[in-house]
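In what follows, residues are counted from 1 in the order of the sequence shown.
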Amino acid sequence: MQPFAGRAAVAGVGMTALSRASGRTVLQLAVEACRAACADAGLAPGEVDALLSYHLNDSVPVTRVARALGVERLGWHNDIAGGGTQAASVLGDAAMLIHAGLARHVLVYRALNGRSGRRMNTVSTGEQERFTYGMAGPIPLFALAATRYLHDTGLTGEHLHAVVAQSRDNARGNPRALRAEPLDLAGYLAKPYVCTPLRTADCCQESDGACALLVSGVLDGPRVRAVVRGGGPGCSAMDRAPDVTAVFSAYVAPRLWEVSGMRPADVDVALPYDAYSWLVPRQLEDFGFVARAELGPYLLERRHAWVNPHGGLLSEGYVHGLNNVAQAVRELRAGREVALVTGFGGSYGSAALLAS
């Protein structure tokens, strides 16, 4: 067991509305979500003594948020560089601060105008080597890995449709969801490709919004049981990878079960980072929920309905995965016992187990 296991609880969650044009600054969004998380935990913002966030040069610094919240004596604080890889491991950062006695209440947030502001599917200076090979942003990169994965598994567009359609069905009762309309197979196949084999419906909803968590060593709530972070050569480093389809879960899943002392059968709700539809079967396979040979019927029979019950990043919206973690807390409060959450960044990422 990890030394911090069970010592930190997610006592509060807060979110803004998700939209395609918030008309607000990222600071305003961050402050609203943070205040909501504190209120949910029954804590005044001024009682927060640590503040963490992650970003891709598209957010607002923690010191500005602390000032706006009225946190006069800010202790440990950090702006972590990174996107989806941090969605689960930021829980580990907060839990380690609490275990080390460096904080009692850690406020974690992710805020961005991800649709009306800086968008993901562009080429940054650090990705010019990918652009040389036609990979203009993340979608072409992960579409190439998806092509190989579908070939290796025998999955087809019909199976990807099952992932997306179930996501829409799950989102139907979620008032926050940007996409909740039914999507039949014909409608899915009529969607234009962004980069084969990924259609527009296979990609997450770029969104404006913010999400925050209040992680406490004093207050009650779902407990952080285990957190792992890591990766290896795969779809983030195709020129050096023996398997370009190997996403982060291929590397972190064995370690998660090892350090937690738990098994896939212990998990009763999974909230995998579903930035692209093909990542759902890949993670279900890697974490041991479904054998590769069974993936096809499992998806077509919609046995994955228990995954991302709020619609996930494909349908609810995209706050770089932290909204999936917030939903895990809601599910555990509602009677679930163990939740898996993950953070994706290609072949690098993170995973965490929360328990009621």
| task | Could you walk me through whether Leu112 and Asp208 pass the side chain to side chain contact (heavy atoms under 4.5 Å, CB included) test, one step at a time? | result | CA-CA 6 Å; Leu112 71 166; Asp208 292 3; over 6 Å; no

Between [X] and [Y], is any pair of side-chain heavy atoms under 4.5 Å apart?
X: Met238; Y: Leu141; answer: yes
X: Thr245; Y: Arg282; answer: yes
X: Pro140; Y: Cys195; answer: yes
X: Arg172; Y: Pro182; answer: yes
X: Asp202; Y: Leu314; answer: no
X: Gln205; Y: Arg115; answer: no
X: Leu213; Y: Leu107; answer: no
X: Glu331; Y: Pro309; answer: yes

| query | When you check the gap from the basic side-chain N to the acidic O, do Arg302 and Asp169 get nearer than 4.0 Å? | reply |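 Judged by the 4.0 Å cut-off on N to carboxylate O distance, Arg302 and Asp169 do form a salt bridge.
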
Donor-acceptor pair, side chain of [X] and main chain of [Y], under 3.5 angstrom:
X: Asn323; Y: Gly312; result: no
X: His105; Y: Ser216; result: no
X: Trp278; Y: Leu155; result: no
X: Ser356; Y: Arg336; result: yes
X: Glu294; Y: Ala291; result: no
X: Asp274; Y: Val280; result: no
X: Asn308; Y: Gly311; result: no

Roughly how far, to the nearest 0.5 Å, is [atom2] of [Y] from [atom1] of [X]?
X: Leu69; Y: Leu74; atom1: CG; atom2: CG; result: 10.0 Å
X: Leu51; Y: Cys34; atom1: CG; atom2: SG; result: 6.0 Å
X: Asp286; Y: Leu256; atom1: CG; atom2: CG; result: 12.0 Å
X: Leu97; Y: Leu52; atom1: CG; atom2: CG; result: 5.5 Å
X: Ile98; Y: Asp93; atom1: CD1; atom2: CG; result: 11.5 Å
X: Tyr298; Y: His304; atom1: OH; atom2: NE2; result: 8.5 Å

Is it the case that the side chains of [Y] and [X] hold a donor-acceptor pair, with the cut-off being a distance below 3.5 Å and no angle test?
X: Gln283; Y: Thr342; answer: yes
X: Tyr149; Y: Glu285; answer: yes
X: Arg176; Y: Gln327; answer: yes
X: Arg179; Y: Ser315; answer: no
X: Asn324; Y: His310; answer: yes

| said: For Tyr193, does the six-membered ring have the charged nitrogen or CZ of Arg199 within the cation-pi criterion, i.e. under 6.0 angstrom from the centroid and within 45° of the normal? | reply: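 Yes, a cation-pi geometry.
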
Tell me every residue that passes salt bridge (charged side-chain N to carboxylate O under 4.0 Å, His left out) with [X], counting only those two or more places apart in sequence or in another chain.
X: Arg168; result: Glu181
X: Arg20; result: none
X: Arg67; result: none

Looking only at non-hydrogen atoms, find the nearest pair between [X] and [Y] and report the distance.
X: Ala30; Y: Val60; answer: CB-CG1, 4.0 Å
X: Pro197; Y: Leu160; answer: O-CD1, 4.1 Å
X: Val227; Y: Ser89; answer: CG1-CA, 3.6 Å
X: Leu178; Y: Leu18; answer: CD2-O, 3.3 Å
X: Thr85; Y: Arg229; answer: O-NH1, 2.9 Å
X: Gly343; Y: Ala88; answer: N-CB, 4.0 Å

| query | Between His161 and Leu189, does a side chain to side chain contact (heavy atoms under 4.5 Å, CB included) hold up when you go through it step by step? | reply | CA-CA 8 Å; His161 163 257; Leu189 294 175; over 6 Å; no

Under the side-chain contact (heavy atoms from CB on, under 4.5 Å) test, which residues partner [X], sequence neighbours left out?
X: Ala33; result: Thr16, Ala210, Ala212
X: Ala9; result: Arg223
X: Ser347; result: Ser236, Tyr251
X: Ala36; result: none

Filter on salt bridge (charged side-chain N to carboxylate O under 4.0 Å, His left out), then keep only pairs touching [range], sequence neighbours left out; what's left?
range: residues 344-356; value: none
range: residues 337-356; value: none
range: residues 152-163; value: Arg148-Asp152
range: residues 257-267; value: Arg255-Glu258

| message | Ring centres under 6.0 Å, that's the criterion: do His99 and Phe4 meet it? | response |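 No, ring centres 6.0 Å or more apart.
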
| query | Are Phe248 and Tyr348 an aromatic pair by the rule of ring centers under 6.0 Å? | reply |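 No, they do not, as the ring centres are separated by 6.0 Å or more.
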
Using the six-membered ring wherever Trp is involved, compare the ring planes of [X] and [Y] and label them parallel, tilted or perpendicular (cut-offs 30° and 60°).
X: Trp306; Y: Phe289; result: perpendicular
X: Tyr273; Y: Phe344; result: tilted
X: Tyr276; Y: Phe142; result: tilted

| task | Show your reasoning for whether side chain to side chain contact (heavy atoms under 4.5 Å, CB included) applies to Val48 and Val106. | result | CA-CA 6 Å; Val48 169; Val106 184; over 6 Å; no

| side chain to side chain donor-acceptor pair (under 3.5 Å) contacts touching residues 33-57 (sequence neighbours left out) |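 Those involving residues 33-57 are Asp40-Arg333.
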
